[in-house]
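The block underneath contains the structure these notes are about, expressed in structure tokens.
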Amino acid sequence: MMERFEVTQPSPKPKPSRRPGRSSRSGTPPTPAFPLSATFNVSARSRIVSGITTDPVEAPKNYVDFDDEPDKLKDILKGRTPKEKHGVSDPISEKNGRLIKSPAASITEPASSSNHRKPRSPLSATNSPARTPSFSVPASPKGQESFTILDPPHEMSLRYHIIPSKSGSGRAVRSVRMLQDNRFIAVLHETGDIYVFSSEDGICVACVHAGGVGSPVGGNDRDVPDDIWEWCFLSVAYVEQSTILLATAATDANTSAPTPDMDESSTEKSQGIMLEFLAGDEAGSAEIKLSILGQWEFDGPAKGLGIHIESDKTSTLYSINSQGCFLVRQLCLRPPPPSPPISANAEPEHHLPIPNPFKGMMSRSTEHLSHEKNLKNEPKVTLDEVHNVGSLLSDSTLSGLCTRYVEGRLYGIAWAHREMTVFVYEARSLKVLYQTSISCVEDIEWLDESTYALTYDDRVEVYQLKRVTTEDEIVDSSTVKNWSGCFHPDLLRTLPIGPHNAITLASPPNLIVIKVVDGQRQLVSFNVVPKPSPESLESECSRILWHSNPAPLNGEPKITLTSMFPLDLDRIIQGYSDGRLRQYSIPQMSRKGENPTTLSSSSTKTSEPALNGYIIALHLVQNQRTKEKYLLGGADDGSIAFWSSSTFELCARWIMFTTPLVKVLTFEGETVGPLRGCVLCIARDGTIAVIVVDGFQFLYLIPGAAAPLQRICIGGDSLLLIYLDRRARLWDVQTKEFRRSMGHQKAQEMLAQGGWTCMTMEQDTCIPSLAWASIAPSFEGRDAVSTLSLDLERLVVDSVALTKTISTSRDEIRNILLTLDRLRLILSILLTPGLSDDIDSICDGKLKVMSSSATVGLSSDGATVLYPVTRPRDVWCISGNVSAARALSIILVLRAMSLFEELSEATNTVISFYSTSVGTCVGERYQPPSLEYLARRWFTASNELRQAIRLVFDATLARLSDQEAIAVAEKWQHHVPTLQPDAERESINAALALFICGCIASEKYTLLSTNSLTDISKSITLYLHDESSVYRVLAIDLCSRGFHVWQHYVDTMEILRSLFMLSTNVRKDFISIQNVNSQARLAVLSIASNNIQLFMSTLCLDILTPPTLEHRRSVMQIVAFLIRKRPHILQPTLPRLLEAVIKSLDPNSTTNRDAVLDTATEIIGYVVKTFPTVDFHMETQRLAVGSNEGAVVMYDLKTAIRLYVLEGHTKQISGCSFSPDGRRLVTLSLSESLLLVWKVGSSFASFFNPGAPPRQGHGGSQPFKTLNFNIGSESDMSLTETLELVNFEWVADRTVRVRIRESILTFST
């Protein structure tokens, strides 16, 4: 939540599409069937009629160097298109002065290579591609929320909704697996993104990129186009006590095409990647890791790869090649170091004369989606040589493989589009149990050791393998252990499940089916146990576990939210399925019980006329000449439109794409050339429309490609487009010609010459950088599109900075009050009312916080999670991470509101409640905030957020019992930095261990052993003294918190000296975002307050005998800093400190004196101004310092020596002052109610006795005058009060006026 938290609007329910058809409508003239079959030249500048262009969009002509262009591109340019896209003309004409638009067909499926085939509905969720959200699924705004609470309740309810950070069209989920006793959920996307989520709260704990659709497999040195890979299957195995994930991918052609009969030339290429998942103590730490072990390319279908654990606990990697043979290789993790390196080109020796399907071990650096480091270049897993153990299929390419592990044996079913084989594998021996012909089977899954299910498009057939004799007599399985005879399947039952989207096996004997009935998505459970009797009703074997909101009864099309775009902190632009834009404020969107129908009519602005499609992909562009801003967006009919951001007037519109708009980019700089002032509108298929913003002039279209577009580079007149298949295309934007196609290596060489400006498809140049952001720029699902992400830390930090400014104008005051309203709104969304009536009363009455209907989620690096809760208190029962994030957010906002004086008391009360008392009010289901979550957030947080983290962390730690605190410390204490090897000391895991153990030790040090405290103390000094450590700020913070503990185990003077240097160092290399200098100064203040004797001893020692001259300067700067910030700390030891400062000015050491003269002078000046017990006379260069013992020490700053001591008081001195001529000194003691007058001027006798005090006019050392006074109780004051309440004023050379509180006393000296 603190990374970002999600505010979800109540979202409408999908309705059937109002326009049939699955391809988008093209513009006029008709868009070509394939993007590259377009022409480049365009007609004259498009006319603008009534604000809308009516000229047809003409695609650009291509001029191709046929020698450089691959054969595929040549065929395309000659008119032979490999793929046909359906489109209809949608002319926009002007008739009788009005705009006439023909009806538009909507896109019912995302434009993805995987959607050109019939959707499969496999039995196993791990085998079934999850269909991506459809563009033509509008939602009803009848006030229903996205998360359905069924009435009456069904057996299942939505626990959370995970929206991965990289999701949507073209990123479908292909496989889902549960890990480690269902603690984690592993998800594979077709792009190769692998996420691991916590099943407790849905938070992404690890993510990695397995290798995208264009990733090379076989080395990066090849300058040839790559195949387009689609990742399709994820399996899990537990090898050598490690959790191993195996992800496989097939080329786009293999996954898209129907399974053909095998011919001599048919070969499938696949690739697999093996990953190791370590969670918690398995990793030797609490850090969760997902690391790549190795990657291979092999011949054969991707669905035939897996890992089997033999009976002797060895591991085997098995696969099925293109000829239907079952191949195995022994697998070993973490090979021993002495093993010799193997040449990449060396082919292993085979026992059988068959080709090696494994091309070689690939170990290459990968792109991680989280805080993962690049992989090492050595493989972490070894494979033995290949063994062919038998054939499974005869004449068809594998369609699927399902396996089941039973007592060391691997039972499997391999099937093609017309045959199926049941087999068992054990110890490199394959036995075929049964073979038969099949037809139209979509998936097969084992239910138990002998039962399996066949899934068709409308039914599931359940079979049981039975042992039979040659005469087809059934053999009792209990009487025969190792049956070597025949097997025969027996049909147990047929389940008519009907059309469905996906199906998986839950806890046997239940099948879970996802289907859509009358526009309503249902989760249905089917019992696969045979019917007890023929009379049993079919409804008895199935039941609805969950369903979405019911479809509208009247069948009328309803307005659906399809996109959201934050315009600023207070205004949100929403696009709807009726083709209109509407503007709302954040309070309108979060209002309690707001009906979306009313909300639509209450928008502050609405665009007219409407587009004929769903509005998606909103961006903000600016006319560089007029500085006017426009909203630029698309619709699902392939159109592009401009609206004025101030009036919502539709300025221009074209229909030019066959797929919807997804991205808008602008380029600025000297290298842009002719594209200056233009926007590049990019469609999903990579087609680019170039439009001039000034005048809305459409220039030309640049065709797309089969592979996704990755980068766009502009250099003068050249436009270089780089695709994920390692192919690049070069265009001339001045002459509108296609120059050439080239490989990735040549493109990189061209870019290396300089003069290019590059952008990736991940960059957002036309989306404002605000605290609010949309997580779904286009209609990718009703929950995603109705969710806004808020960078709460950024909003609060900006609000605090604005609130602390000194307002001098009406506008500044208005902005501060507006900031308070924003904080109130955010707090209303975050609070969980109903826990305490008193707190609710304070929030409603004093804080003026209104109720809100927004749902709050949690956003991390890998995903956004939304939590549907029926009661506000349920938020605190999800997980420790969610509780920590919610409490942290609430307290962060409340601390910002506490800066307003009238709200300070109320906010402090609410802060105290949410940090200490929530658990008591929630009850037994309460999940206390996670210490690990709070600690991890602390490292990257701002100072504002760190203070809130500390408050929640300390409150949570205080709630722990001694046994719980000991358990936490034991979990982490072995991972502190000093116990780690050098390479691991800077790891986040070591830093987390030090943070948690250090905080426990500083508060409950009696619970830890001496060895543990020593390790923690040494770890603090390790980070503190390491100038290159990124965790120095942690060591500084722990020094501040627990210095009283660490001082018994380490050299405390060295710690103080390091803090002195860090506090005063102004070198650029010491300046960081962690603000180490500021943190060190705070630590110095804390230590000085609690350890004054040790602190002052170190200060004085380092002033007199510093290790270096620079260190002395730092120490004296610390003294000056303390005098300004905490003068009361120095007052008891002020004489000792000043003597050290004065001795540093020794004129006999010219170098040292010159180095510290300015700082020492500054210190003395601050001391004289701050402390009434110290005074300085400029002309005589005398400094008088009063002590708590009643003595006054006189110094000569010219010679830096002590002259003499005046002893007349018996109690502490409250003040002293020189007369204007420097010949008198008066000293005051409030404890004695006594003022003494001393002669301190130079005399003839002092010349012969320089160390003796001046004669006072009578015998002995008595003062020149003794004056008593009595002001009653006004003389009773502390040392700190004397700094402000005691003042001297000389009205003449021999008359002084003393002010004590409100009393004024005049004395003659």
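- To the nearest 0.5 Å, atom CZ of residue Arg580 and atom CG of residue Leu611 are 9.5 Å apart.
- Judged by distance alone, the side chain of Lys605 and the main-chain N or O of Leu581 form no donor-acceptor pair under 3.5 Å.
- When side chains are defined from C-beta on, Val679 counts as touching Phe642, because their heavy atoms get closer than 4.5 Å.
- Side-chain atoms of His619 come within 3.5 Å of backbone N or O of Ala617 as a donor-acceptor pair.
- With hydrogens and angles ignored, the 3.5 Å screen pairs no side-chain donor or acceptor of Ser639 with any backbone N or O of Ile655.
- Of all heavy-atom pairs spanning Asn501 and Val516, the tightest one is OD1-CG2, 3.5 Å.
- The side-chain heavy atoms of Leu618 and Trp643, taken from C-beta on, include a pair separated by under 4.5 Å.
- In this structure the side chain of Thr604 never reaches within 4.5 angstrom of the side chain of Tyr584, judged on heavy atoms.
- Inter-residue side-chain proximity for Leu709 and Ile688 is flagged as met; some heavy-atom pair is nearer than 4.5 Å.
- Smallest separation of non-hydrogen atoms from Ser786 and Met564: C-CE, 3.4 Å.
- The distance from the OH atom of Tyr195 to the NE2 atom of His189 is 5.5 Å, given to the nearest 0.5 Å.
- If you take OG on Ser607 and CD1 on Ile615, they are separated by 5.0 Å, rounding to the nearest 0.5 Å.
- Of all non-hydrogen atoms in Cys681 and Leu661, the two that sit nearest each other are CB-CD1, 3.7 Å.
- Of all non-hydrogen atoms in Gly202 and Ile162, the two that sit nearest each other are O-CD1, 3.7 Å.
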Side chain to side chain contact (heavy atoms under 4.5 Å, CB included) evaluation trace for Cys204 with Phe197: CA-CA 4 Å; Cys204 181; Phe197 303 99; 3.8 Å; yes
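- Nearest heavy atoms, Pro566 versus Pro768: O-CG, 4.4 Å.
- To the nearest 0.5 Å, atoms CH2 (Trp772) and OG (Ser789) are separated by 8.5 Å.
- Taking CD from Gln710 and CD from Glu762, the interatomic distance works out to 9.5 Å, rounded to the nearest 0.5 Å.
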Under the side chain to side chain contact (heavy atoms under 4.5 Å, CB included) criterion, do Ile712 and Ile682 qualify, and how do the steps go? CA-CA 11 Å; Ile712 301 177; Ile682 306 169; 3.5 Å; yes
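- Salt-bridge annotation for Asp193 and Lys166: absent, with no side-chain N of the basic residue lying under 4.0 Å from a carboxylate O of the acidic one.
- Of the charged side-chain nitrogens involved, none lies within less than 4.0 Å of a carboxylate oxygen, so that Asp568 and Arg822 do not count as a salt-bridged pair.
- At most 12 heavy atoms of other shown residues, nucleotides or ligands fall within 6.0 angstrom of atom NZ in Lys629.
- Of the options Val664, Ile640, Leu699, a side-chain contact (heavy atoms from CB on, under 4.5 Å) to Ile691 is made by Ile640 and by none of the others.
- Counting all heavy atoms, side chain and backbone alike, Ile826 lies closest to Leu792 at CG2-CD1, 3.8 Å.
- At distances below 3.5 Å, at least one donor-acceptor pair connects side-chain atoms of Asp791 with backbone N or O atoms of Arg794.
- Going from atom OG1 of Thr562 over to atom CD of Gln574 covers 9.5 Å, rounded to the nearest 0.5 Å.
- Here the side chain of Gln583 pairs no donor or acceptor atom with the backbone of Ile573 at under 3.5 angstrom.
- Within the 4.5 Å cutoff, no side-chain heavy atoms of Leu790 are placed close to those of Ile829.
- Checked by atom type and distance alone, the side chain of Asp636 pairs as donor or acceptor with a backbone atom of Tyr614 at under 3.5 Å.
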Walk me through whether Asn612 and Arg653 qualify under side chain to side chain contact (heavy atoms under 4.5 Å, CB included). CA-CA 11 Å; Asn612 196 11; Arg653 180 199 177 196; 4.2 Å; yes
Phe565/Ile572 under side chain to side chain contact (heavy atoms under 4.5 Å, CB included): CA gap, chis, key distance, verdict: CA-CA 6 Å; Phe565 182 81; Ile572 305 297; over 6 Å; no
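- Contact annotation: the side chain of Pro703 never approaches that of Thr687 to less than 4.5 Å [non-hydrogen atoms, C-beta and beyond].
- Residues Phe667 and Thr765 are not in side-chain contact: their nearest non-hydrogen atoms beyond the backbone lie 4.5 Å or more apart.
- Side-chain contact between Asp570 and Ser585 is absent, with no heavy-atom pair separated by less than 4.5 Å.
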